[in-house]
Amino acid sequence: MQSQTSPDTDKRPVEYDPGTVEEKWQQRWRELSTNATDIRGADHPFYALMMFPYPSAEGLHVGNLFAFVGNDIYGRFQRLQGHNVFEPLGYDAFGIHSENYALKVGVHPGKLIPENIVNFRRQLERAGLMVDWRYTLATTDPEYYKWTQWVFLQLLKQGLAYRKKAAVNWCPSCKTVLANEQVIGGRCERCDTPVEQRFLEQWFFRISAYAERLLRNLDHLDWSESTKTAQRNWIGKSEGAEIEFSISGRQEVEPIRVFTTRPDPVFGATYMVLAPEHSLVQTLTTDAQRGELEAYLERTAKRDVVARKTSTEKTGVFTGSYAVNPAMGADIPIWVSDYVLMEYGTGAIMAVPGHDERDFEFAQAFKLPIVRVVLAEGEAPDAPLRSAVVAWDGATLVNSGRFDGLPVEAAKRAIVSMLQEHGAAHPVVNYRLHDWCISRQRYWGPPIPIIYCDKCGPVPVPEKDLPVILPYVEDFKPDDSGVSPLARHEDWYRVQCPQCGEMGRRETDVSDTFLDSAWYFLRYPSVGLDDVPFDPDITRKWLPVNSYIGGNEHAVLHLLYSRFVTMVLNEAGHLDFEEPYVRFRAHGLIIRNGAKMSKSRGNVVIPDEYIEKWGADAFRTYLMFLGPFEEGGDFRDASVSGVKRFLDRLWASVVTAVESGNGAGTSDALDVRRKLHQTIRKVGEDIPRLSYNTAIAAMMEYMNTLRRGERTPSRAEVEPLVQLVSPFAPHIAEELWEKLGRRGSVLDAGWPAYDPALVEEEMIELAVQVNGKLRGRLHVPKGIAEEAAVAEAMRDGAIAKFVSGEPKKIVFVPGRLLNIVV
RNA sequence: GCGGAAGUGGCGGAACUGGUAGACGCGCUGGACUUAGGAUCCAGUGGGGCAACCCGUGGGGGUUCGAGUCCCCCCUUUCGCACCA
């Protein structure tokens with residue numbers, strides 16, 4: 001090919017066999033501990049974290065690998081920059097996922113999970129990740145969940161874990177309680193069954209107390225904007241007022257409190273609505289209405305959450321009682337309806353049917369009065385009100401006594417302060433964020449470390465007694481008793497109270513998987529230490545995490561919970577930082593041939609098959625090449641060949657360079673040298689931006705330059721390229737590094753420097769436009785002056801013919817373009 | 001309904017703060033070497049036109065010497081949230 005010597009034999013492609021090369025280097029990395037991180041001795045620690053996978057029976061998914069490779073490239077790059085990089089990986093092995101699969105195949109999860117982990121480990125090693133496997137963990141290890149239980153106890157100690165009987169989301173299929181976050185559109189996130197309501201005693205974490213801090217800190221985090229937005233929306237801060245409505249003729253009953261972001265139309269509040277679960281419902285129901293109301297409550301309780309939350313049909317019952325509208329003192333009826341949700345605000349509303357669509361529908365259905373109190377800009381006061389008018393900008397009040405004519409914004413403030421003087425209102429900030437229910441009535445999780453004692457109540461298991469081992473039980477199938485399968489094992493749950501020594505009973509619920517993953521990053525560098533969850537010196541050195549890469553599906557759940565737990569541990573004095581991840585980037589999703597991958601479609605990419613066929617290096621590089629890392633892309637089988645071809649050519653170039661003995665000195669061809677230095681700069685700029693696809697394209701471009709014409713590349717021309725390629729295709733890079741006669745891992749060779757003088761071209765192509773239209777290109781010296789450029793342009797007939805007479809204006813962008821306006 | 005992201009060749013995708021649209025790769029066309037090639041190498045490849053040129057970044061307006069990029073109005077896709085008061 002490039003060689004001029006014996007064209008006959010050299011036309012033969014120089015190919016390499018990825019299988020042999022990759023096996024050799026993976027073995028060598030193991031023998032030489034190339035990927036090991038010196039945790040205690042590191043001078044320049046860099047913690048490159050990736051979200052750990054759930055070790056499924058199906059094995060590693062390309063989506064996992066896409067994320068891991070993306071993180072690995074970043075980590076390897078940091079190492080080449082001179083950092084001590086720690087790139088650990090473990091397994092998120094507890095949870096409903098594993099348990100359901102175990103139930104399906106009838107094998108105990110305690111047997112399945114270790115098998116899956118072995119398979120995952122094999123697949124991960126094959127991918128050539130720079131992971132230090134001495135520091136791996138599985139959330140199912142007692143040495144790990146001992147400390148998950150410890151985290152629970154810290155929250156309890158801080159008063160942030162509490163028990164309450166609450167309406168919870170109950171999945172009748174999984175037979176367990178779900179967190180709000182696990183309910184998608186009223187259905188179970190895992191099995192898509194409509195979720196029902198149940199009332200159970202649950203353990204909650206008071207994350208709502210941290211809403212403001214979780215929100216505020218986002219402003220200073222170097223995170224993907226989309227992730228921050230998702231968290232902001234989830235926290236859902238809204239500012240408004242709480243208004244009290246006293247009960248007409250019943251001073252002894254506490255007033256109904258409502259939260260509203262729109263206090264201005266209070267004069268139009270013609271009735272009130274309580275959520276069916278509201279505590280005042282019984283008190284306010286008159287005897288005459290009781291029968292009808294009880295029937296309604298029963299109906300709504302049975303009604304599944306989907307129907308309740310998605311149907312727009314309004315149902316409800318009058319309680320028989322009246323409240324006093326504090327604005328003008330009128331009595332307004334109090335209704336009960338399931339369109340008001342107990343979870344938001346106070347579970348009660350003042351209904352303003354003139355200006356709220358839901359209230360309007362309800363008022364129409366039950367023939368309640370609708371009053372107009374807000375006028376949209378330019379609207380006549382006597383315009384008929386056919387639907388709710390939700391007006392804001394430029395709207396003014398009517399039928400609101402002395403507030404008539406006031407713009408909405410001013411009216412909001414004026415009305416709240418008027419009501420406030422009467423003690424009937426005060427400004428309030430409300431959040432959508434609910435407390436985190438961590439109880440699960442399941443088997444496959446860490447038991448919550450609590451012992452119930454008749455005398456002492458709930459008593460925390462003393463820290464010295466941790467872990468509370470999850471016992472091996474054969475019948476781990478959940479039932480609909482509302483309690484965990486562990487509650488069927490008296491020998492396990494009957495235990496002495498740690499305080500008084502009387503017989504007590506263990507908490508039989510286990511904790512949410514999200515608690516396992518809320519602190520795992522703290523454990524990695526301290527894996528192996530069994531007297532602390534995380535060593536203070538090690539933690540000071542390695543945390544917070546420098547770079548975290550993961551999927552945006554965890555934008556609100558895992559990322560919010562781990563931030564919360566970090567804040568709490570910080571307050572308790574266990575950590576000296578309150579945000580766990582300095583930088584977070586969400587990777588994109590991979591689709592296949594334009595369609596979502598799914599088992600049912602049968603279009604799932606199985607990494608093993610591709611690695612077998614193309615090699616891990618080509619597969620890794622292709623994954624990074626198929627689209628922008630943060631956006632994902634379309635996996636097309638036919639396209640892998642392009643990347644493989646690039647690696648083949650890289651191999652061939654290095655081999656011929658070495659064989660030709662073409663000096664290790666500087667390269668002879670100036671244009672090749674320039675391109676090399678431009679490539680070094682480009683790749684070095686692209687990797688930190690996670691713009692991997694363009695970094696690879698740049699290397700391919702350089703390869704094309706290298707191969708142009710009948711020439712043999714020199715070592716100096718190929719050696720830096722091997723370094724640039726190494727984060728993407730580490731095995732071939734190592735092999736070629738060795739072929740080049742270099743000792744040690746290419747990982748420790750550093751990152752090549754570029755010469756700024758060579759990056760800049762001396763001659764450039766100057767685009768010449770006439771009236772903004774491209775008319776020609778000039779090959780001119782970089783620093784050419786405007787006058788010289790114009791003169792040069794006018795000598796070019798193809799350009800000059802568009803210019804007649806004196807130009808009106810000349811726009812000159814040095815080094816780029818000349819625009820002659822005539 | 002609300003919120004996020006995105007619409008560029010046959011396809012995946014490039015284009016930093018407005019400045020040569022289509023880098024890189026796949027595919028395709030032609031050629032070389034071949035018993036053969038789904039290997040390799042070389043050349044070409046947005047559309048139209050013999051050409052000079054013209055048209056082109058979802059559609060329509062606008063700002064500008066100049067717009068894929070900025071502004072306004074639509075359309076489409078996609079991902080979250082969703083009776084949130």
Side-chain angles (χ1 to χ4, degrees), chain A residues 1-2 7-8 11-15 184-186 225-230 232-234 236 238 240 258-263 273 308-314 337-341 343-352 356-359 361-362 430-432 552-553 555-556 588-589 591 593-594 596 622 625-628 630-631 633-643 645-646 648-649 652 685 689 691 693-701 703-704 707 765-777 798 801 807-813 815-822:
Chain A
M1 41 190 353
Q2 287 92 348
D8 280 16
K11 284 286 182 190
R12 211 165 11 87
V14 188
E15 266 196 69
I184 310 294
E225 273 311 312
S226 60
T227 311
K228 292 208 255 185
T229 306
R232 287 192 184 103
N233 291 344
W234 191 262
S238 54
V258 305
F259 170 76
T260 179
T261 53
R262 288 291 302 266
V273 187
R308 175 162 175 186
K309 290 203 171 180
T310 54
S311 84
T312 50
E313 184 211 357
K314 296 286 181 287
S337 171
D338 65 2
Y339 85 94
V340 172
L341 307 174
E343 307 98 79
Y344 188 77
T346 61
I349 61 157
M350 62 171 197
V352 184
D356 180 283
E357 285 169 33
R358 297 153 300 178
D359 297 345
E361 285 172 24
F362 190 84
N430 194 58
Y431 300 91
R432 282 184 52 195
N552 230 349
E553 71 272 19
V556 285
L589 248 52
I591 56 173
N593 300 325
K596 213 183 250 178
Y622 176 62
F625 184 61
L626 57 73
E630 291 178 79
E631 286 166 38
D634 195 356
F635 191 104
R636 291 187 180 250
D637 293 32
S639 301
V640 188
S641 61
V643 167
R645 204 166 286 151
F646 166 66
D648 283 339
R649 288 167 176 173
E685 284 171 356
R689 292 171 28 215
S691 187
N693 55 336
T694 55
I696 295 165
M699 291 187 281
M700 286 173 165
E701 268 188 71
M703 175 57 65
N704 291 343
R707 287 158 31 87
E765 262 195 357
L766 188 73
V768 182
Q769 301 180 333
V770 178
N771 289 342
K773 263 186 183 300
L774 185 72
R775 294 302 179 187
R777 296 183 172 94
K801 72 177 181 187
K808 281 203 200 100
K809 184 176 176 183
I810 304 284
V811 179
F812 183 65
V813 185
R816 283 190 173 257
L817 138 161
L818 173 69
N819 187 10
I820 303 169
V821 186
V822 294

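Every chain is numbered from 1 and lettered A, B, ... according to where its sequence line falls, protein lines coming before strand lines. This is a predicted model, so every value here is computed, not measured.
At B:C84, one or more side-chain N or O atoms of A:Arg358 fall inside 4.0 Å of OP1 or OP2 (strictly under the cut-off). Between A:Asn693 and the phosphate of B:C24, there is no side-chain N or O to OP1/OP2 separation shorter than 4.0 Å. Phosphate proximity of B:G3 to A:Lys228: absent, as no side-chain N or O sits under 4.0 Å from OP1 or OP2. The side chain of A:Arg649 contributes an N or O atom lying less than 4.0 Å from OP1 or OP2 of B:C41. For B:C53, one of the phosphate oxygens OP1 or OP2 lies less than 4.0 angstrom from a side-chain nitrogen or oxygen of A:Lys801. Of the side-chain N and O atoms in A:Asn704, one or more sit less than 4.0 angstrom from OP1 or OP2 of B:G25. Not one side-chain nitrogen or oxygen of A:Arg645 sits closer than 4.0 Å to the OP1 or OP2 atom of B:C41. The side chain of A:Arg775 places no N or O atom within less than 4.0 Å of a non-bridging phosphate oxygen (OP1 or OP2) of B:U20.
Contacts of A:Ala230 with the nucleic acid, taken as non-hydrogen atoms under 4.0 Å apart, are absent. Base engagement by A:Arg432 is indicated by at least one non-hydrogen atom pair under 4.0 Å involving a base atom. Looking at heavy-atom distances under 4.0 Å, A:Asn819 makes contact with a base. Residue contacts shown for A:Glu685 are absent, as no nucleic acid heavy atom lies under 4.0 Å away. At a threshold of 4.0 angstrom between heavy atoms, the contacts of A:Ile349 include nucleobase atoms, whether or not backbone atoms are also involved.
Taking syn as a glycosidic angle within 90° of 0, B:G9 qualifies as syn.
For B:C11, the paired base is B:G25 (Watson-Crick or G-U wobble, both distances below 3.5 Å). Base pairing analysis places B:C83 opposite nothing; no Watson-Crick or G-U wobble pair with both distances below 3.5 Å involves it. Using N1 to N3 plus N6-O4 or O6-N4 for Watson-Crick, or N1-O2 and O6-N3 for G-U wobble, each under 3.5 Å, B:A32 pairs with B:U40. With a 3.5 Å ceiling on both atom-pair distances, the Watson-Crick or G-U wobble partner of B:C53 is B:G48.
The pair A:Glu361-A:Arg358 fails the salt-bridge criterion, with no side-chain N (NZ, NE, NH1 or NH2) lying under 4.0 Å from an Asp/Glu carboxylate O.
A gap of 14 Å separates the C1' atoms of B:A32 and B:A39, to the nearest Å. Remark: the separation of the P atoms in B:G66 and B:U20 is 15 Å, to the nearest Å. Nucleotides B:U69 and B:A51, compared at atom P, are 31 Å apart to the nearest Å. Comparing B:U63 with B:A15, their C1' atoms are spaced 22 Å from each other, to the whole Å. For B:U45 and B:A23, the C1' atoms lie 15 Å apart once the distance is rounded to whole Å. Taking the C1' atom of each, B:A43 and B:G61 are spaced 44 Å apart, rounded to whole Å. Between B:G19 and B:G68, the distance separating the two C1' atoms is 13 Å to the nearest Å. The same atom, P, is picked in B:G3 and in B:G56; the two are 33 Å apart, to the nearest Å.
Protein atom CZ of A:Arg232 is 16 Å distant from nucleotide atom C1' of B:G80, rounded to whole Å. Going from atom CG of A:Asn593 over to atom P of B:G12 covers 11 Å, rounded to whole Å. Atom-to-atom, NZ of A:Lys773 to C1' of B:C53 comes out at 10 Å; the value is rounded to the nearest Å. As rounded to whole Å, 13 Å separates atom P of B:U8 from atom CD of A:Glu631. In this structure, the CD1 atom of A:Ile591 is 12 Å from the C1' atom of B:G13, given to the nearest Å. Computed from coordinates, the A:Arg707 CZ to B:G25 C1' distance equals 14 Å when rounded to whole Å. With rounding to whole Å, A:Met700 atom CE is found 13 Å from B:A14 atom C1'. Between the CG atom of A:Leu774 and the P atom of B:C54 there is a distance of 11 Å, given to the nearest Å.
The shortest non-hydrogen separation linking A:Val822 to A:Pro807 is CG1-CA, 4.1 Å. Listed here is the closest heavy atom pair of A:Ala555 and A:Thr227: CB-CG2, 3.8 Å.
Distance alone, capped at 3.5 Å, is enough to place a donor-acceptor pair between the A:Asp359 side chain and the A:Val352 backbone. A donor-acceptor contact shorter than 3.5 Å is absent between the side chain of A:Asn593 and the backbone of A:Arg636.
Taking CD from A:Gln769 and CZ from A:Arg777, the interatomic distance works out to 10.5 Å, rounded to the nearest 0.5 Å. Atoms OH and CD1, from A:Tyr622 and A:Ile696 in turn, are 11.0 Å apart once rounded to the nearest 0.5 Å.
The nucleotide whose nearest atom lies closest to any side-chain atom of A:Pro628 is, among B:A14, B:G19, B:C65, B:A14. When distances are taken from the side chain of A:Val811 to each of B:A85, B:G19, B:G12, the shortest belongs to B:G19.
Within 3.5 Å, no donor on the side chain of A:Lys808 pairs with an acceptor on the base of B:C65, nor the reverse.
Taking the nucleotide of RNA chain B with the nearest heavy atom to each of A:Asn233 and A:Ala697, the more 5' of the two is matched to A:Asn233. Place A:Glu701 and A:Ala348 on RNA chain B by their nearest nucleotides, and A:Glu701 ends up nearer the 5' end.
Ring orientation note: the planes of A:Phe362 and A:Tyr339 are tilted relative to one another, at an angle of 30° to 60°.
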